Amino acid sequence: MSSKNEHIILRIKDLFANNNSLTQKDLASYLQKAPSTISQWLKHGREIPAECVAPICEFFGCSIN
């Protein structure tokens, strides 16, 4: 796993921890991905496609920076 991907995964986990009303299933629906895809990213360190980063930020209402 690249350090860049690891940083993104840690940030997503942190955002979930700080937003108890949001779930991985909600994110999957928002991104039109299978819930298992989100799980693979977060639990198994699978590479998150670059085109998903901006929509993930939109989902959480945070900056891409």
Side-chain angles (χ1 to χ4, degrees):
M1 170 174 28
S2 73
S3 63
K4 186 176 187 179
N5 192 61
E6 185 176 358
H7 177 75
I8 294 169
I9 290 169
L10 291 173
R11 180 69 176 130
I12 292 170
K13 287 180 178 181
D14 184 54
L15 289 165
F16 273 123
N18 291 318
N19 294 286
N20 293 330
S21 63
L22 300 175
T23 67
Q24 288 185 27
K25 194 177 222 180
D26 295 331
L27 178 59
S29 177
Y30 185 81
L31 297 175
Q32 297 180 337
K33 303 280 186 193
S36 60
T37 299
I38 307 304
S39 177
Q40 290 290 324
W41 293 347
L42 300 180
K43 292 183 182 175
H44 304 291
R46 290 270 171 101
E47 195 72 27
I48 298 172
E51 66 270 9
C52 290
V53 175
I56 290 169
C57 292
E58 291 170 6
F59 174 78
F60 285 108
C62 67
S63 167
I64 199 163
N65 295 322

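Treat the numbers as computed from the prediction; the structure is a model and nothing was measured.
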Shortest non-hydrogen contact from L31 toward P55
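Residues L31 and P55, closest heavy atoms: CD2-CB, 3.5 Å.
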Testing the basics here: between A28 and I38, what is the closest heavy-atom pair and its distance to 0.1 Å?
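Nearest heavy atoms, A28 then I38: CB-CG1, 3.6 Å.
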Atom [atom1] of [X] and atom [atom2] of [Y]: how far apart are they, to the nearest 0.5 Å?
X: L15; Y: I56; atom1: CG; atom2: CD1; answer: 10.0 Å
X: I12; Y: F59; atom1: CD1; atom2: CZ; answer: 10.0 Å
X: I48; Y: I9; atom1: CD1; atom2: CD1; answer: 4.5 Å
X: L42; Y: K13; atom1: CG; atom2: NZ; answer: 6.5 Å
X: E6; Y: E47; atom1: CD; atom2: CD; answer: 11.0 Å

Where at least one partner belongs to residues 27-40, residue pairs that pass side-chain hydrogen bond (donor to acceptor under 3.5 Å, both in side chains), sequence neighbours excluded
Y30-E58
Any ring-ring contact (aromatic ring centres under 6.0 Å, His included) pairs touching residues 6-25, not counting sequence neighbours?
F16-F60
Is there a chain of hydrophobic side chains (I, L, V, M, F, W, Y, each step under 4.5 Å between heavy atoms) that links L22 to V53?
yes
Those residues that, when tested against D14, pass salt bridge (Lys or Arg N to Asp or Glu O under 4.0 Å) (two or more places apart):
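Result, salt bridge (Lys or Arg N to Asp or Glu O under 4.0 Å) vs D14: R11.
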